[in-house]
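This report concerns only the one structure given below.
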Amino acid sequence: MPAGTPALLMPELPEVETVVRGLRLHLPGRRIVELRLGKKTDFIDDAVALGERVPGALVRGVRRHGKFLVLELEVGAKDGGGVGGELLLVIHLGMTGQLTVVAADAEVKAHTHVFFVLDDRRELRFCDPRRFGRMLVASVVDGEKILGPLGADPLEVSEADFRRLISSRRARIKALLLDQRVFRGMGNIYTDESLWRAKIHPARLGANLTGEEIKKLWRAMRGILEEAIRLGGSSISDYVGADGEPGEFQIRHRAYDREGKKCFRCGAKIRRMIVAGRSSYFCPKCQRAPRVL
DNA sequence: CGTTGAACCTGTTTGC
DNA sequence: TGCAAACAGGTTCAAC
């Protein structure tokens with residue numbers, strides 16, 4: 001395990017999806033009656049606005065957009081004459097963010113920065129040791145300004161669109177998969193796993209991939225993400241209190257974090273190199289780097 | 001357009 | 001043994 005690898009969750013698409021599904025069991029129909037903030041609030045876009053607009057809101061729904069979680073809130077008209085309506089609570093878990101629904105008297109873990117007190121004696125808590133996460137409340141229109149620029153959902157993109165997005169680019173395939181403006185939700189782990197399954201070297205250029213390779217990558221990516229979601233993500237623990245099951249996907253990693261270990265397909269030693277500025281694990285035999293990337 | 005590196009932050013691991 | 005440095009992750013920004 002590389003130094004600093006968090007023992008718990010690495011929120012990429014499957015992990016966020018798992019959290020969203022967990023929150024859906026508890027939040028819709030609940031009212032947020034009070035908001036409490038920890039001392040550090042620098043990860044909140046506008047903490048004052050959060051404190052003013054969220055209390056009293058009814059949670060209508062919870063959804064995922066890429067790696068963002070979106071809580072759809074219904075707010076009533078305020079005394080001051082506001083019209084009420086719909087608000088979006090947009091949350092990014094960053095690297096170490098966790099959202100949990102727990103009893104109001106549950107022990108408070110270190111680095112818990114936000115408490116959404118619910119109307120059923122429980123609390124939605126946001127804990128994030130490294131504070132790489134982000135949170136903001138916004139109108140639907142303003143929320144879209146955050147979510148709008150994001151690229152295609154890896155689970156919904158058609159093979160034709162996937163090919164078009166890749167073959168038109170001279171950037172490395174690793175960089176393209178990680179670019180949230182191209183595909184929303186892919187992170188370092190699932191990118192490496194997808195490339196390993198498709199037998200494509202991470203430093204290959206998008207435009208140089210053959211139609212066959214792109215098709216394999218499309219299938220690999222979807223298969224791996226769906227499998228990871230089915231298993232509850234890569235290593236989430238206690239994500240919604242008693243309902244959370246630890247994720248199990250990490251035991252299925254074939255490339256990520258396996259430097260020096262044998263490739264499950266051919267037995268060659270998995271190598272690690274920096275591609276697109278990120279640690280990249282691949283099999284030098286299965287994932288050949290051609291003379292011309 | 002594309003790449004690289006730094007910054008943000010803290011817990012864990014590594015190396016001396 | 002102990003402490004400091006390196007490192008991990010996602011995103012953004014600046015510089016080339």
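Lettering of chains follows the sequences in order, A, B, ..., and the numbering in each one begins at 1.
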message: Let me check something: do A:Ile91 and A:Leu73 share a hydrophobic cluster, defined by ILVMFWY side-chain heavy atoms less than 4.5 Å apart, either directly or through other members?
response: yes

- prompt: Nearest-Å distance, CZ (A:Arg204) to C1' (B:dT3)?
  reply: 19 Å

message: Under the salt bridge (Lys or Arg N to Asp or Glu O under 4.0 Å) definition, can you give me all pairs with a residue in residues 155-166 of chain A, not counting sequence neighbours?
response: A:Glu159-A:Arg163, A:Asp161-A:Arg164

- request: Would you mind checking if A:Glu15 and A:Arg64 are paired as a salt bridge, meaning a charged N to carboxylate O distance below 4.0 Å?
  value: no

query: C:dG9 phosphate, OP1 or OP2: any side-chain N/O from A:Tyr256 under 4.0 angstrom?
result: yes

- prompt: Once the angle between the rings of A:Phe183 and A:Phe162 is folded into 0 to 90°, is it parallel (under 30°), tilted (30 to 60°) or perpendicular (over 60°)?
  reply: tilted

query: What does A:Gly277 touch in the nucleic acid at a heavy-atom separation under 4.0 angstrom: a base, only the sugar-phosphate, or nothing?
result: nothing

field: Side chain of A:Arg169 - closest among B:dG11, B:dC8, B:dG2
entry: B:dG2

- request: Could you tell me whether A:Lys269 and A:Glu259 make a salt bridge, using a distance below 4.0 angstrom between a side-chain N and a carboxylate O?
  value: no

task: Can you tell me the distance, in whole Å, between the CZ atom of A:Arg258 and the C1' atom of C:dA8?
output: 19 Å

- request: Would you kindly give the NE2-to-P distance between A:His92 and B:dC9, to the nearest whole Å?
  value: 17 Å

Among C:dA8, C:dT11, B:dT3, the one nearest A:Arg172 by side-chain distance: B:dT3

message: Does a side-chain N or O of A:Lys40 approach OP1 or OP2 of B:dC9 to a distance below 4.0 Å, or not?
response: no

query: Is the shortest side-chain N/O distance from A:Ser279 to OP1 or OP2 of C:dC7 below 4.0 Å?
result: no

message: Quick test of your reading of the model: are A:Arg122 and A:Asp120 salt-bridged, counting only N-O distances below 4.0 Å?
response: yes

task: Provide, to the nearest angstrom, the distance between the NE2 atom belonging to A:His111 and the P atom belonging to B:dT12.
output: 9 Å

message: Tell me if the aromatic rings of A:Tyr256 and A:Phe282 count as close, with their centers under 6.0 Å from one another.
response: no

task: Look at the side chain of A:Arg170 and decide which nucleotide, out of B:dC9, B:dG2, C:dT11, has an atom nearest to it.
output: B:dG2

query: Between the two ends of the helix from B:dG2-C:dC16 to B:dC16-C:dG2, what is the bend in degrees, rounded to 10 degrees, where each end axis spans five pairs?
result: 60°

message: Could you tell me how far apart A:Asn208 (CG) and B:dG2 (C1') are, to the nearest whole angstrom?
response: 14 Å

- request: Figure out the CE/P separation between A:Met95 and B:dG11, and round it to whole Å.
  value: 13 Å

- request: Decide, yes or no, whether a salt bridge links A:Asp128 with A:Lys109 under the criterion of side-chain N to carboxylate O below 4.0 Å.
  value: no

Shortest side-chain distance from A:Arg131, nucleotide among C:dT11, B:dT10, C:dG9: B:dT10

query: Heavy atoms under 4.0 Å, any strand shown: does A:Asp179 hit a base, just sugar-phosphate, or nothing?
result: nothing

- prompt: For A:Glu259 and C:dA8, what is the distance between atoms CD and C1' respectively, to the nearest whole Å?
  reply: 14 Å

- request: Using only side-chain N and O atoms of A:Arg272, determine if any of them is under 4.0 Å from OP1 or OP2 of C:dA8.
  value: yes

- prompt: Between atom CZ in A:Arg130 and atom P in C:dC7, what is the gap in whole Å?
  reply: 15 Å

